[in-house]
Participant: 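Shown below is the structure under consideration.
Computed from a prediction, not measured in an experiment: that's the story for all the values here.
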Amino acid sequence: MLALATFIIFFQAFMVAPIIPQLSATFGTSAETVGLIVPAYLIPYGIATLAYGLLADRLGIRPLIFASLAAFAVLTVLTATAHSVAALAAWRVLTGLGASGVVPLALVLVGGMFPYEQRGRPLGGLFGAMAGGMAFGSTFGAVLEPYIGWRGLFLLVGTAGAGVLLLLLPYRGFIGARPRQAVATLGDLFRGYRDLLGTQRGRRTYGYVLLNSVFQSGVFTWLGVYFERRYNLGPVGIGLALLGYGVPGFLFGPVIGRVADRLGRARLLPIGLGLGSLATTALILGLPLLAAAIAVTILSLGYDMTQPLFAGIVTSLGGMRPGQAMGLNVFFLFTGFGLGSLVFSNVLRLGFGPALGAFATVEAAAALASVALFRSEIPPGTARNLSQKPQTTQ
């Protein structure tokens, strides 16, 4: 049920970018202006996760996860009432603030249920649901818009969110069974963030979460406009071209997580980062349409081999306050998503080639650096183990 809720939330988040050209025509404004509704949702979402993580450690997960899912359903429906880009952006801000408790708290639950060495597979399942939301949201948002309109999309997804809330209710006893954490003072809060970012492991993990999310969102947000301008595609064509984004994680998320548990995150992270850079470089080359769609799938595989693995590391950083640790992770993730779309839109003034090239270059550098930075992230007992388990690596 948590995976289903995660799927719906990410479906809603990723259905917007591919319909930017249609919203631009509907409201009679530029695509760059309409594109601001993407960070209008993502940045408040990221900021609000800090509060949800803290409150979860104080109040427990159950009341927050249900309240957040209810806010998501109601505010998504109300978004359909917008009659201007400004009103649409305002509803997106409120939805981001309200909806941001579900995913990080679901990840906290998984972190508490499985030891570090076994979290890859269940985390892969949740991230597979995220990837499925990305894949189906980016595709069916564009495909359905000509038939039910953008308002119909928000009404449909908001109603689905309410349905998931009802389906989750029978599990409230299980969610409530999680032990409450010690109540924290304001000083404890700041000390917690200081401790999370005070080790090399924490800084490099959260830093890569931010950098990789800036890269992925910057490229993905503008792929709808990319396919419209370069291949003259309409809404349905754009949706089909983006179909591969999220499919690898949706199909193979648990498998990728299991491989990470067995071989170590140190081996997979550089590959995932490198695949993202390679796919983005391919989009510069003016490939045939089918090849460009395959590049989008490879871009998604790069995401699926990185962000879930970073989340696995984060689940071992929180100690007695896992909500705070995961809240900080999702803060960097979604803040990066919002910043990525903004940064790419500014570089896009130079054209798609320079913008894609700049993002691919930074991601390639990150891939090379990750070989050394994450070399200690290997399972205990392997030949390269540094005598300390990943939980204690500094």
Participant: Side-chain polar contacts of residues 142-162 - donor-acceptor pairs under 3.5 angstrom, sequence neighbours left out - could you list them?
Facilitator:
{"from": "R151", "atom 1": "NH1", "to": "A80", "atom 2": "O", "distance (Å)": "2.7"}
{"from": "R151", "atom 1": "NH1", "to": "A82", "atom 2": "O", "distance (Å)": "2.6"}
{"from": "R151", "atom 1": "NH2", "to": "A82", "atom 2": "O", "distance (Å)": "3.2"}
{"from": "T159", "atom 1": "OG1", "to": "L155", "atom 2": "O", "distance (Å)": "2.8"}

Participant: Tell me which pairs pass salt bridge (Lys or Arg N to Asp or Glu O under 4.0 Å) where either residue lies in residues 29-44, with sequence neighbours left out.
Facilitator: E32-R229
Participant: Say whether V77 and M15 are linked into one hydrophobic cluster, either directly or through other cluster members, by side-chain heavy-atom distances under 4.5 angstrom.
Facilitator: no
Participant: With side chains defined as the heavy atoms from C-beta onward, is the minimum distance between L94 and L78 less than 4.5 Å?
Facilitator: no
Participant: Can you list everything that forms a side-chain hydrogen bond (donor to acceptor under 3.5 Å, both in side chains) with N346? Sequence neighbours excluded, please.
Facilitator: R349
Participant: Using 0.5 Å steps for rounding, measure from the CG atom of L301 to the CG atom of L278.
Facilitator: 11.0 Å
Participant: Tell me, do L309 and I256 make a side-chain contact under 4.5 Å, heavy atoms counted?
Facilitator: yes
Participant: Is it true that a side-chain atom of R92 and a backbone atom of A40 form a donor plus acceptor pair closer than 3.5 Å?
Facilitator: no
Participant: May I ask you to check whether S30 and T33 show a side-chain donor-acceptor distance below 3.5 Å?
Facilitator: yes
Participant: So, using ring-ring contact (aromatic ring centres under 6.0 Å, His included) as the criterion, who are the partners of F359 when residues are at least two apart?
Facilitator: F344
Participant: My understanding is that only residues two or more places apart in sequence, or in another chain, count here; which of them pass ring-ring contact (aromatic ring centres under 6.0 Å, His included) with F7?
Facilitator: F136
Participant: Find the distance between CG (L269) and CG (N212) and round it off to the nearest 0.5 Å.
Facilitator: 9.0 Å
Participant: According to a 4.5 Å side-chain heavy-atom criterion applied to Ile, Leu, Val, Met, Phe, Trp and Tyr, with indirect links allowed, do V38 and V347 form part of one hydrophobic cluster?
Facilitator: yes
Participant: Judged by atom type as modelled, is there a donor-acceptor pair below 3.5 Å linking the side chain of T79 to the main-chain atoms of L75?
Facilitator: yes
Participant: Would you kindly confirm whether I294 and V296 end up in one hydrophobic cluster when ILVMFWY residues are joined by side chain heavy atoms under 4.5 Å apart?
Facilitator: yes
Participant: With sequence neighbours left out, what residues match I284 under side chain to side chain contact (heavy atoms under 4.5 Å, CB included)?
Facilitator: L356
Participant: Can you tell me if R201 uses its side chain to pair, donor with acceptor, with the backbone of V314 under 3.5 Å?
Facilitator: no
Participant: Quick one: does S68's side chain have a donor or acceptor within less than 3.5 Å of a partner on L64's backbone?
Facilitator: no
Participant: Give the minimum heavy-atom separation between P270 and A266, together with the two atoms involved.
Facilitator: CD-O, 3.1 Å
Participant: With a 4.5 Å limit on heavy-atom distance, are the side chains of F27 and L88 in contact?
Facilitator: yes
Participant: Out of curiosity, does L4 fall in the hydrophobic cluster containing F140 (side-chain heavy atoms, cut-off under 4.5 Å, transitive links)?
Facilitator: yes
Participant: Applying ring-ring contact (aromatic ring centres under 6.0 Å, His included), name anything that partners F332, two or more places apart in sequence or on another chain.
Facilitator: Y206
Participant: How close do I19 and G141 get, counting heavy atoms only, and between which atoms?
Facilitator: CG2-O, 3.6 Å
Participant: Before you tell me yes or no, could you show the steps for M305 and L275 under side chain to side chain contact (heavy atoms under 4.5 Å, CB included), namely the whole-Å CA-CA distance, both residues' side-chain angles and the distance that decides it to 0.1 Å?
Facilitator: CA-CA 9 Å; M305 292 180 65; L275 287 175; 3.9 Å; yes
Participant: So which heavy atom on G35 is nearest to which on W222, and how close?
Facilitator: CA-CH2, 4.1 Å
Participant: For F334, give me all partners under ring-ring contact (aromatic ring centres under 6.0 Å, His included), at least two apart in sequence or on another chain.
Facilitator: F10, Y45, F337
Participant: Counting distance only, does the side-chain N/O of S277 pair as donor-acceptor with the main-chain N or O of A360 below 3.5 Å?
Facilitator: yes
Participant: Which atom pair, heavy atoms only, marks the closest approach of S100 to L97?
Facilitator: OG-O, 3.4 Å
Participant: Sub-3.5 Å donor-acceptor pair from the side chain of S217 to the main-chain atoms of G338, do we have one?
Facilitator: no
Participant: Identify whether L333 and L197 are in the same connected component of the hydrophobic contact network (ILVMFWY, side-chain heavy atoms under 4.5 Å).
Facilitator: yes
Participant: For G239, is there any backbone N or O sitting under 3.5 Å from a side-chain donor or acceptor partner on T139?
Facilitator: yes
Participant: For R203, give me all partners under salt bridge (Lys or Arg N to Asp or Glu O under 4.0 Å), at least two apart in sequence or on another chain.
Facilitator: none
Participant: CG/L268 to CZ/F374 distance, rounded to the nearest 0.5 angstrom?
Facilitator: 12.5 Å
Participant: For residues L168 and M1, report the shortest heavy-atom separation together with the two atoms involved.
Facilitator: CD1-CB, 3.4 Å
Participant: Applying side-chain hydrogen bond (donor to acceptor under 3.5 Å, both in side chains), can you list everything that pairs with S300, at least two apart in sequence or on another chain?
Facilitator: D304
Participant: Using modelled atom types only, decide if a donor and an acceptor are shared between the side chain of R375 and the backbone of A372 within a distance under 3.5 Å.
Facilitator: yes
Participant: Please examine the side chains of F215 and T280, heavy atoms only from C-beta on, and report whether any two atoms are closer than 4.5 Å.
Facilitator: yes
Participant: Do the non-hydrogen side-chain atoms of L263 and I378 ever get within less than 4.5 Å of each other?
Facilitator: no
Participant: What residue pairs, at least two apart or across chains, pass side chain to side chain donor-acceptor pair (under 3.5 Å) with a residue in residues 239-251?
Facilitator: Q216-Y245
Participant: Please evaluate residues I65 and L2 with respect to the criterion side chain to side chain contact (heavy atoms under 4.5 Å, CB included), reporting the C-alpha separation (whole Å), side-chain torsions for both, the decisive distance (0.1 Å), and the verdict.
Facilitator: CA-CA 10 Å; I65 204 167; L2 289 173; 3.6 Å; yes
Participant: For the backbone of Q22 and the side chain of T26, can you confirm whether one donor and one acceptor N or O come within less than 3.5 Å of each other?
Facilitator: yes
Participant: Taking ring-ring contact (aromatic ring centres under 6.0 Å, His included) as the criterion, tell me which of Y303, F220, Y41 meets it with F14.
Facilitator: F220
Participant: Rounded to the nearest 0.5 Å, how far does OG of S213 lie from OH of Y208?
Facilitator: 13.0 Å
Participant: For the pair L233 and L289, evaluate side chain to side chain contact (heavy atoms under 4.5 Å, CB included) and give the outcome as yes or no after the intermediate values.
Facilitator: CA-CA 10 Å; L233 297 183; L289 178 58; 3.9 Å; yes
Participant: Rounded to the nearest 0.5 Å, how far does CG of L342 lie from CG of L36?
Facilitator: 6.5 Å
Participant: Can you pull out every ring-ring contact (aromatic ring centres under 6.0 Å, His included) where at least one residue sits in residues 60-107? Sequence neighbours excluded, please.
Facilitator: none
Participant: For V209, which of T335, L328, V214, N329 qualifies under side-chain contact (heavy atoms from CB on, under 4.5 Å)?
Facilitator: N329
Participant: Rounded to the nearest 0.5 Å, how far apart are OG of S370 and CD of E377?
Facilitator: 11.5 Å
Participant: Which heavy-atom pair separates V102 from A5 by the least distance, and what is that distance?
Facilitator: CG1-CB, 4.0 Å
